[in-house]
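Take a look at the structure set out below.
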There are 2 protein chains.
Amino acid sequence: MRPTMRDVARHAGVSLKTVSRVVNGEVGVRPDTAEKVNEAISALGFRRNDIARALRGGKRTRSLGLVIKDVANPFYSQIARGVEEVARLHDLFVISGCSDEDPARERHLIRSLCERRVDGLLVVPSAADHRYLIPELNMGTAAVFMDRPPEEAIRADVVLIDNVGGARSAVEHLIAHGHRRIACLADLPGIFTARERRRGYDEALQAHGIPVDESLVRLGPHDVAGAEAATAELLALGDPPTAVFAGNNRLTIGALRAIQAAGRTTALVGFDDFELADMLATPVTVVAHYPAEMGRRAAELLCRRMDGEDLPPQRVLLPTRLIVRGSGESPPI
Amino acid sequence: MRPTMRDVARHAGVSLKTVSRVVNGEVGVRPDTAEKVNEAISALGFRRNDIARALRGGKRTRSLGLVIKDVANPFYSQIARGVEEVARLHDLFVISGCSDEDPARERHLIRSLCERRVDGLLVVPSAADHRYLIPELNMGTAAVFMDRPPEEAIRADVVLIDNVGGARSAVEHLIAHGHRRIACLADLPGIFTARERRRGYDEALQAHGIPVDESLVRLGPHDVAGAEAATAELLALGDPPTAVFAGNNRLTIGALRAIQAAGRTTALVGFDDFELADMLATPVTVVAHYPAEMGRRAAELLCRRMDGEDLPPQRVLLPTRLIVRGSGESPPI
DNA sequence: CACTGAGACGACAACGTTGTCATCTCATCC
DNA sequence: GGATGAGATGACAACGTTGTCGTCTCAGTG
């Protein structure tokens, strides 16, 4: 089927090794010999077999595995983009898979990637137990986690967003605009980022001497519809909140729908920026962060590990930025 | 570093081949032998080396290459998602790369993917010449193109959106609402989809006996800013259009900005659906299509080719759907 | 002319796995 | 009791490449 170096060698009347030398640009081949070989290569359409190349000498496969929840989700696709940019610089390929937040699938993916001998792993871990990774790590597969840390037992680098700080800045922004009754839409409490953002919300209130009113906190909404319902409920309270902090972009959209539907001017700040946030009927004030940057930083850390650098496990915290657009600056009723 | 089957064999006191049999679930191993082997496997943390596996016997690598313009762009990330879904069913991995519409990079990517011996290629081709692919195709690498066809000379499957039909339906919708002066924002004429959508625009007008007024057609705007400027220019004409057809979602957003800025109620229909189109100040009527479906269909075709099916090259045309949301139904001034 | 050494090139093994075929062990049967 | 054969296991080669080392050629030197 595909010609091998042996075929090229036969065709050019030289030895296998000489073809190898030419293909890899090694020195010590006479120009006319090299030309003969190159002619044979184009005549036969030879392509060096990277599979064989990786096998021989336990060479690197020049590939890294990326496990995310879902490429179709902009948050993850931007991470993927950041990863790919760094991979490109290092002449690495990215082999990616979507876990869909299913721990079994995640585990299967990681295992398969290890079997393919990727040089390193980049993982956005699901909420499950990751100790099964320990043997792989001990065996020398480098790994860096993104967005959520794995359990204590796993000594690996992590790149996180400053969830607590970002949430705090959002809530403080609302407080600065005079709000005291601020609702919090948090995602499922099993999710690390949801817990952290909730913590930032609490800290901001406490820092300003505002008691946390649990009736204004909604843990659990996980999609636009859930957030819309939860917000509608909050707005229907006898003493409704004058502002809402939404823990991620799904929740922000849901809250926005409910606020618009209720014809209120309730203030809103959301975690996560999203496209067209500035083009909505009410432009949305958000805590922005940079998923592509997370991918890049994680990939860079991974490359350093792959190059054998032996630092203690790093924990990178990426900053957030409050983008003021209107929805967060409405005064209390 | 990582243990091999030989190590496992030594540890279990059996032969290499017996380990292979156990690992691959072959019959003809006594249960107690299998157990010894399995114990050795977990004791050593053995993982079968898929690289060696693929090499031996010219086996498939169980991977496919995906070349898109940019994963961070939702259109492409949805394609990637569709591809992933099918790949998962066939136990294949997806190795992807972003061409950034750079023909040289695309070529490099495809070449590298072939060197890695992917079992098949999925490509959204850039505007360049793809004849360099012919040797690879002849050499047995299956390939399926998406979104844009490669040149005539390349006999391969293609999965396209019904660009002409979708554009025609958009413009006919505007005509049905009484518009006669309909502007067309098309992307760079070098882009296949831009040409096709422009053609749909022409056909719709001609079918209704409306002459094409070239002063209402803008070829070239390629981003939001360009479309905004072009639309502003159109609206400033002595006899401005009463409706705009925008050839893709970037152009739609640009047009929308310009229309809002000018305080007009100019009707607007855009090609490509986008998230939050229904949440904008003016909800946008669009020609929707399904990029994930394109990825799925292309991946399915590719899998059939990889399984050795030998059909003539297929050309799949995916339907579009007009989603009415408001912006396309304003009457002429 | 014999010697030296650098430069060009080739033979061979090895990477980790699996397909092929050979061997070895028994229980079964006449 | 020896032949038979099924079942279990092992030896070995091969996949396509590259690292190591050996061989060969030939110009330069004494």
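Chain letters run A, B, ... following the sequence lines, proteins first and then strands; every chain starts at 1.
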Measure from the side-chain heavy atoms of [X] and tell me the nearest of [options].
{"X": "Arg21(A)", "options": "dG10(D), dG16(C), dC9(C)", "value": "dC9(C)"}
{"X": "Asn49(B)", "options": "dG10(C), dT17(C), dA11(D)", "value": "dT17(C)"}
{"X": "Thr4(B)", "options": "dG16(C), dG10(C), dT17(D)", "value": "dG16(C)"}
{"X": "Met5(A)", "options": "dT18(D), dT18(C), dG16(C)", "value": "dT18(D)"}
{"X": "Thr18(B)", "options": "dT17(D), dG16(D), dT9(D)", "value": "dT9(D)"}

*Kindly give the heavy-atom pair with the smallest separation between Ala34(A) and Val29(A), and that separation in Å.*
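Here Ala34(A) and Val29(A) meet closest at N-CG1, 3.8 Å.
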*Minimum heavy-atom distance Ala54(B)-Thr61(B), with the two atoms named*: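 Closest heavy-atom pair between Ala54(B) and Thr61(B): CB-CG2, 4.0 Å.
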Between [atom2] of [N] and [atom1] of [X], the distance in whole Å:
{"X": "Arg53(B)", "N": "dG16(C)", "atom1": "CZ", "atom2": "C1'", "answer": "12 Å"}
{"X": "Leu55(B)", "N": "dA14(D)", "atom1": "CG", "atom2": "P", "answer": "14 Å"}
{"X": "Arg47(B)", "N": "dT17(C)", "atom1": "CZ", "atom2": "P", "answer": "12 Å"}
{"X": "Lys36(B)", "N": "dT9(D)", "atom1": "NZ", "atom2": "C1'", "answer": "11 Å"}
{"X": "Lys17(B)", "N": "dA22(C)", "atom1": "NZ", "atom2": "C1'", "answer": "13 Å"}
{"X": "Met139(A)", "N": "dG16(C)", "atom1": "CE", "atom2": "P", "answer": "14 Å"}
{"X": "Ile41(A)", "N": "dG16(D)", "atom1": "CD1", "atom2": "P", "answer": "16 Å"}
{"X": "Asp7(B)", "N": "dC15(C)", "atom1": "CG", "atom2": "P", "answer": "10 Å"}

*Are any of Ser20(B)'s side-chain N or O atoms less than 4.0 Å away from OP1 or OP2 of dT18(C)?*
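Yes, Ser20(B) has a side-chain N/O under 4.0 Å of OP1/OP2 on dT18(C).
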*Criterion salt bridge (charged side-chain N to carboxylate O under 4.0 Å, His left out) against Arg148(A), the qualifying member of Glu101(A), Glu196(A), Glu106(A)*: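 With Arg148(A) as partner, Glu101(A), Glu196(A), Glu106(A) yield a single salt bridge (charged side-chain N to carboxylate O under 4.0 Å, His left out), made by Glu101(A).
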*Note: Asp147(B)-Lys69(B) ion pair, threshold 4.0 Å (strictly below)*: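 Salt bridge: no.
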*Are Glu84(B) and Arg88(B) within salt-bridge range, i.e. N to O under 4.0 Å?*
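Yes, this pair counts.
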Would you mind classifying the nucleic acid contact of [X] as base, sugar-phosphate or nothing, using non-hydrogen atoms under 4.0 angstrom?
{"X": "Val23(B)", "value": "nothing"}
{"X": "Ile51(A)", "value": "nothing"}
{"X": "Arg48(B)", "value": "sugar-phosphate"}

*Is there a side-chain contact between Asp310(B) and Arg305(B) (heavy atoms, below 4.5 Å)?*
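The answer is yes, as the side chains (C-beta and beyond) meet within the 4.5 Å cut-off.
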*asked:* Using only modelled atom types and a 3.5 angstrom limit, is any donor from either the side chain of Arg56(A) or the base of dT18(D) paired with an acceptor on the other?
replied: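 Yes, the side chain and the base share a sub-3.5 Å donor-acceptor pair.
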_Name of the residue among Glu39(B), His11(B), Arg10(B) meeting side chain to side chain contact (heavy atoms under 4.5 Å, CB included) with Leu44(B)_ =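 Running side chain to side chain contact (heavy atoms under 4.5 Å, CB included) over Glu39(B), His11(B), Arg10(B) with Leu44(B) returns exactly one hit, His11(B).
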*For DNA chain C, find the residues of residues 24-34 of chain A with a heavy-atom distance under 4.0 Å and give them by number; none if there aren't any.*
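Listed by number, they are Gly28(A), Val29(A), Arg30(A), Thr33(A).
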_Distance-only donor-acceptor check, side chains Ser126(B) and Arg105(B), under 3.5 Å_ =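 No donor-acceptor contact under 3.5 Å links the two side chains.
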_Determine whether Arg304(A) and Asp307(A) satisfy the following criterion, salt bridge (Lys or Arg N to Asp or Glu O under 4.0 Å), listing intermediate values before the conclusion._
CA-CA 5 Å; Arg304(A) 290 170 60 180; Asp307(A) 291 346; over 6 Å; no
*the helix from dC1(C)-dG30(D) to dC30(C)-dG1(D): angle between its terminal axes, five pairs each, to 10°?*
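Rounded to the nearest 10 degrees, the bend comes out at 60°.
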*Indicate yes or no for a side-chain donor-acceptor contact from Arg195(B) to the backbone of Gly190(B) under 3.5 Å, with no hydrogens or angles considered.*
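The answer is yes, because a donor-acceptor pair under 3.5 Å joins these two groups.
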